[in-house]
Each structure stands twice: as C-alpha cells, then as structure tokens.
Amino acid sequence: MMLEINDLHVTVGGKEILKGLTLALGEGEVHAIMGPNGSGKSTLSYVLAGRDGYEVTHGSVTFRGRNLLDLKADERAAAGIFLAMQYPVEIPGVTTINFLRTALNAQLKARGEPEIDAVTFLKRFKEEREKLLMSDEMVKRAVNVGFSGGEKKRNEVLQMAMLRPRLAVLDETDSGLDIDALKLVAHGVNALRAPERSFLVITHYQRLLDYIVPDRVHVLAAGRIAKSGGPELARELEARGYDEIIKAA
Amino acid sequence: MAALETKTEASPESALVALFAKVRGTLPGASWLQPLRAEALNRVTRDGLPHRRVESWKYTDLRNKFPSGLDLASGGNALGAGVFEGLKAHRLSIAGGEVSGVPDDVPDGLEVLSLAEALAMPSLFLRQWLQPTADAVENLNLAFATDGALIRVAKGLQVKLPVLLHSSLNEAAMAHTRNVIVLEEGAELTLVELDDGDAAGLASTVTAISLEPGARLRHLRVTANEGASLVVRADAIAVARDAEYRGIVASSGAALVRQQATARLTGAGAAFSYACAYAAGEAQHTDFTLEVAHEAPHTTSRIVAKGVAAGTGHGVVQGRVIVKPAAQKSDSHQMSRALLLTPHAEIDQKPELEIFADDVKCGHGAAIGALDTNQLFYLRARGIPENEARNLLVAAFLGEVTERLPEPFREPVEAWLATRMAHVTRAAS
Ligand SMILES: Nc1ncnc2c1ncn2[C@@H]1O[C@H](COP(=O)(O)OP(=O)(O)OP(=O)(O)O)[C@@H](O)[C@H]1O
Ligand SMILES: [Mg+2]
C-alpha cells in the first residue's frame, strides 16, 4: 500500500474539520478527491504534508508501511510525499532554480544519497521546464513572485517533475489553468505515472479527469468520504451535483 | 547630573585619563596634534562616554559596556585575508591599530599611506581632519588614534582595483584607528573594508571621507568581528557638487557594534546612498546611527537597512535626515525593515526627518515582522529542513542589501553572512 488513512480526525484552530476519514491508495494508483468547498480537501492535503497547526486527534496515516504522522514536513518530503498546493506561496528573493536545487539536494541528503551535480541538475531542469513551456526568464525570477495563477500551478508541476515523489497530492492544480495549460499539466502528471508512484488528485472539475483518468473517485463531504466509485462517479457528480449524490449515499 | 555622580575614581573616563597620561608620549603626530588630542579627551571626560540618556545613543549604552582597564593594542599581525581571501585589491592591513603593510603596486595618482607616517611629516594638510568635535566616538578616537589609512585619489583618476583595508583586533585591548579618504575632483574608487578579530577588546575607527566635485566612491564594509569584541565606527562624509557616495555595509558577530555615518551633501547634485544588512544573535547588539544633511539643492539620499535579530540579539537603526533651507528640490528616502526571529529579540528603528525647505521629496518607512509561516511551510514541504529554510528566507530578506554588492564581493559576503546566519538562527530554533 502507498497510503492508508484510517478513521482520521483532524482539528484546525479548535474546530474539527476531518471527522473520521478513511482511504486506501495502492501503489501506482491515481485517486481523485472531489467535494464541496470547505469539506476538508485542503485540510487533508496539509495533514499529509505535515503542516503545523493541524492536530490529529484520532486515527492513523500509514505511508508505505511507516507512520507518517511521526515525521516532520521536510522528512515527509524526503520520504517521497509531494504536495502541489492550492495556493502556491510567493518567496521573494529566492529564485525558482535555486530553491529547487536546494530542495532536491536536501532530500537526497536526507535519504543518504549523493547530491546532484550542477550540470546534471541544470540539464534535467531545462528538460522539465521546456515540457511545461515555462521560459528560462520565469524560473530565474523569485519563486512564484509576479507569476499568474496558471503559472504558479505550472511551477508546482515543474517542482513535482524535478523531485519525483512517490506520492503526489495535487490540490486543485487544475484551477485557474487555461485549456492548453490543463493539457500540459495533465500530460506532466501522466508522464510520471508509474507502478511505484501514486497520485491523489483533488479537483472540482471532471475535465481534468478526462486527461488524468483515475482508478477511483472519492467524494469528501463534511470531513469524511461520503461515497467512492470508479471514474464514472466524476461524471455523475458533474451532472447531478454534490448535494444529490451525498444525500443518496 | 547622574552622569557626573558616577564619575568616581573607577569610572571608565578616569581610566581613560590615566591611560592617556601613560601613552601620550608614544602617540604619533607633530606638536600641533598633541593639544588637539588632549582637548578631545577633555570633551570625553566632560560629557562622559555615551549612554542611553544621550539622544543619539538612546538604544546603545557604550558607557555601561565599556571594557574597563584596557591598554592600547600593541599592533601585531592581521590574521590571514579573512572574508576576501584571494580577491585582487590594493591591500592595506591594520592590526591592533597599526598599519602593517602598505601596498606598493598602486597606480600613479593613488596614494595609500600609513597615517602615522604621514603625521611624521611636517605638513598641516591633515589638521582639518583631526579636530575635536561634538561626537564622543570621534573624540575618544582622536585622543588615542595610533594609525590608520590615508588614501588620496588624484583628480580624474578612476582606480581600477579596489583598495582593501583589513582591520583586525586580536588582543583584549583598545585599537583606535583613524582613516582619511580624499577623492579629488572626478576621481573614482571602490573602497572595501573588512573588520575582524574575536578578542574582548574595543576597536574604534573614525573615517573622514571627502568627495570633491564629481567624485564617486563605492564604499563596502564587512564588520565581521566576533565574540566579546566591541566595534565602534564613525564615518564623516562630505559630498560635494555632483559627487556620489554609495555605502554598503554588512555587520554581524560582535557583542556590540555601533556604526555611525554622518553625511553632508554640500554641493548641488550630491548623492548619498547607504544600505546596511545586519544580523544580531544571542548577546549581540548592532546599532546603525545615520545622519544625512542636505545642504544644497538637488541633492539625493537613500537609506536602506535590513536586519534580523534572534535570542537576546538587539538591532538598532536610527536614520535622521535634515533638509536645510538651501536644499530645494532635494529627494530623500529611508526604509528600515527587520525580522524578529524570536519573541525576546529586540529591534528599534527610528527614522527622523527635519525639513526646512518647502519643495522637497522626503519619505521614510519602517517595519518589523516575523518570518512568514506560509513560506516556511512551503520550503519544508519541498524537503528543506526547518533551520535551512529559515536561513534561506533570512538570506533572501537581507538580499535587498547584499544584492547591491558588486562582483566579486557579493559571493564571499553572502557566504560569510550565511555562516553567521546559521549562528543567529540557532537561537531561533
Ligand atoms: N485555521 C483555521 N481555523 C478554523 N477553521 C479553518 C482553519 N483553516 C481552515 N478552516 C476551515 O476548515 C474547513 C475546510 O477547509 P479546507 O480548506 O480544507 O476546504 P476545501 O475542501 O479544500 O475547500 P475548497 O474547495 O474551497 O478549497 C473550512 O470550513 C475552513 O473554513
Ligand atoms: Mg481547498
């Protein structure tokens, strides 16, 4: 198993947001999570990434056999967890390229692997950047500073491609993307699909799932999984809305 | 007055008087200088060493921290090349208040001399730079100054290589250094200063800078003293018509650092800029006290200060801009920002404006914040450990100053600052 979440309860700012969430994601699988605004999707993504302030009051999260909740955010990243954030953060004064190289080397170091040399890094970086049609000028700028909404999302996918995680959680990476960029991003994800890599794709839109076809679709409502199904569930949701589906569940 | 009551036998001022009596015969300078030294010391004892009831020392108590019973340093040798190892420059080392190497490869029109040697010559040229003033640091320094650099760039000469003054203090003693820098009309120079040493001593340096019309000085300084050392610096800068002063200072590591810069923009079109970055960790105090007087029309000044403090670290930035009636169409701006890495660290920022002309543009701003938790999480979520993430964000914050450093200085200064940051942020984790 890549990820097993069992009866997870999470409190944020004194308020219980996740209320008994259970989910299992196999190696090489892609699961989609859909759900109304405020249902706890980003909360789940932050809990997985290890953000401070998200208190697990009950339940467990096991990542490739390890208790994920024991690890700090950076240790989780080194263990192979990647979160493409719904709202990527601007970091003035740090260039994307420097940031990524620092991150990659930190992960390699934490795993006891040798650091990547500058030439190899730059070569790989250029390849991935070009796949996402990002300009050289853009990545020499400070991380996400002055980027459009869509550019920020592409930058998340660029980071994912460079860091090659075992589990990628994409939190609304499709929101704010134009149709061409959506295809690029979907293509980027599909290119990384592999038996040893899994994806948790949080989205509001069925369209993304036309490109990244999931193995399972879950509906998250009021802090727990209200319904799960195959790719057809996404189409059903698009046609009938959450309300009806959740009530029927 | 409280300051007078505390002047008992054991006061630091009386110790200075006793020291002066002991060393005055050994201090350099022709007969005209001795009374000036005595008068300077008089003023120090009359006013007392600066303490917090003196307005411009509101946040820094030099008197209280003044190490008692120190002798004058005995010269000695500078320790290696420090931060600027391997950089090509006309180098001059000043160790323990004594010049130990004067560059001999300088181009025609550039003079880099030992002040003590220059004072041995029967010239009164230096007299104008060696007068008692109203400033305590300058007076203390004048009383005891043993040596320093005298740099003169002849009219129109653009000096290609930088001049590097490396001052070290490696004994628990006082070193008082006096520099005089004169750029004649249209001359250009990059002056780089490196201060280091880790002894529990006091290093005071007073630098008089005169930029004649159209001259341009780029003045970089790294104050890298460590441990219990106290560093006190005062720059008195005069900028004439169309001349330009650009200062960039990075400071971190000593128990107490006070950097004063007082600039007078005396001619139309004179420009002054000063950017400083500092990091004050556990038991470190860093004070920048800057004053710019716009005395002529169309003069500009810019001050940018960026600093971080952690643990019991304390940062002070005081910027005072005075626009005199004659300084119409002048343009001034100062900005001071600081990061508090831990709740007990302290930052005091005091921008002041005194405007006596009506057609001027003046602005100032100051802000104190903490590291952004969203940014920290973003970096950590990509695998960068917390401490490293913090250092990266702090370096980016100070980058607004360090990115102004020209190559080849930027890289070594940033690398040095990174090692200092590792020390400073340790207090934050
Ligand atoms: N710090 C906080 N304190 C209190 N409540 C919070 C805090 N952070 C988030 N919440 C609440 O938690 C709930 C879940 O938020 P979350 O961001 O996980 O929703 P979401 O499913 O990702 O929504 P969206 O589709 O709009 O992105 C919301 O009601 C939100 O207001
Ligand atoms: Mg969300």
Side-chain angles (χ1 to χ4, degrees), chain A residues 42 45-54 71-96 98-111 113 115 142-145 152 155-156 158-160 162-165 168-169 171, chain B residues 248 250 275 277-279 304-308 335 337-339 341-343 365 367 369-405 410-411 413-415 417-419 421-422 425 428-429:
Chain A
S42 293
S45 76
Y46 285 144
V47 174
L48 293 177
R51 183 167 196 153
D52 292 335
Y54 289 72
L71 304 181
K72 291 189 265 185
D74 47 283
E75 293 168 340
R76 295 183 196 195
I81 294 214
F82 179 87
L83 167 60
M85 289 184 209
Q86 184 175 359
Y87 303 108
V89 179
E90 297 185 5
I91 312 208
V94 181
T95 60
T96 300
N98 179 28
F99 163 57
L100 255 175
R101 184 144 182 245
T102 307
L104 185 54
N105 279 330
Q107 291 198 14
L108 291 168
K109 191 174 161 202
R111 293 198 289 263
E113 295 170 34
E115 291 198 348
V143 178
N144 293 326
V145 175
K152 285 181 182 170
N155 197 11
E156 294 292 282
L158 173 66
Q159 293 171 42
M160 175 177 72
M162 286 303 292
L163 297 171
R164 301 190 162 259
V169 181
D171 190 358
Chain B
I248 306 171
Y278 61 92
V304 177
K306 285 238 152 153
V308 296
M335 171 54 77
R337 288 183 202 278
L339 280 179
L341 299 179
T342 52
L371 280 181
D372 183 316
T373 53
N374 284 321
Q375 293 178 348
L376 260 182
F377 172 64
Y378 195 69
L379 297 179
R380 295 183 62 204
R382 296 296 178 257
I384 303 174
E386 186 163 5
N387 225 13
E388 207 179 320
R390 247 197 223 117
N391 290 342
L392 198 63
L393 291 179
V394 170
F397 178 77
L398 299 179
E400 192 182 338
V401 169
T402 57
E403 72 187 6
R404 292 163 194 245
L405 288 162
R410 180 177 168 174
E411 225 184 278
V413 174
E414 287 187 339
L417 211 48
T419 63
M421 273 333 299
T425 53
S429 51

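The chains referred to below are lettered A, B, ... by the order of the sequence lines, with proteins before strands, and numbering in each begins at 1. In this text the structure is predicted, and so the values were computed from the model without any measurement.
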Practice problem: Please state whether the side chain, the backbone, both or neither of Leu163(A) comes within less than 4.5 Å of a heavy atom of chain B. | Solution: side chain

Quiz prompt | Heavy-atom proximity to chain B below 4.5 Å, by part of Pro165(A) | solution = neither

Practice problem: Quick one: closest heavy-atom pair of Glu388(B) and Thr102(A), and the distance? | Solution: OE2-CG2, 3.5 Å

Practice problem: Among Ala142(A), Gly53(A), Ala79(A), Ala106(A), single out the residue with the greatest number of heavy-atom pairs under 4.5 Å to chain B. | Solution: Ala106(A)

Quiz item: Considering all heavy atoms of both residues, which atom of Ala77(A) and which atom of Ala381(B) are nearest to each other, and what is their separation?
Solution: CB-O, 3.3 Å

Quiz prompt | Student check: side-chain heavy atoms of Gln375(B) and Pro92(A) closer than 4.5 Å | solution = yes

Exercise. Pick whichever of Leu379(B), Leu398(B), Asp372(B) has the most heavy-atom pairs under 4.5 Å with chain A.
Key: Leu379(B)

Quiz item: Between Asn374(B) and Tyr87(A), is any pair of side-chain heavy atoms under 4.5 Å apart?
Solution: no

Practice problem: Find the one option among Arg76(A), Met85(A), Lys109(A) whose heavy-atom pairs under 4.5 Å with chain B are most numerous. | Solution: Met85(A)

Quiz item: Tell me, side chain or backbone of Ala110(A) under 4.5 Å from chain B's heavy atoms, or both, or neither?
Solution: neither

Self-check item: Nearest-0.5 Å distance that lies between atom OH in Tyr378(B) and atom CD in Glu156(A)
Solution: 3.5 Å

Quiz item: Which one, Asn105(A), Leu104(A), Ile91(A), leads in non-hydrogen pairs under 4.5 Å with chain B?
Solution: Ile91(A)

Practice problem: Would you mind checking which part of Glu75(A) comes under 4.5 Å of any heavy atom in chain B, side chain (CB onward), backbone (N, CA, C, O), both or neither? | Solution: neither

Quiz item: In Å, rounded to the nearest 0.5 Å, how long is the span from CZ of Arg51(A) to CG of Leu376(B)?
Solution: 10.0 Å

Exercise. Flag the pair Leu392(B) / Val94(A) as yes when at least one side-chain heavy-atom distance between them is below 4.5 Å, and no otherwise.
Key: yes

Quiz item: Is a donor on one side and an acceptor on the other found under 3.5 Å between the side chain of Arg382(B) and the backbone of Leu83(A)?
Solution: yes

Exercise. Identify the heavy atoms of Gly50(A) and Phe377(B) that sit nearest to each other, and give their distance.
Key: C-CE1, 4.1 Å

Exercise. Below 4.5 Å from any heavy atom of chain A, which atoms of Glu403(B) appear? Answer side chain, backbone, both or neither.
Key: neither

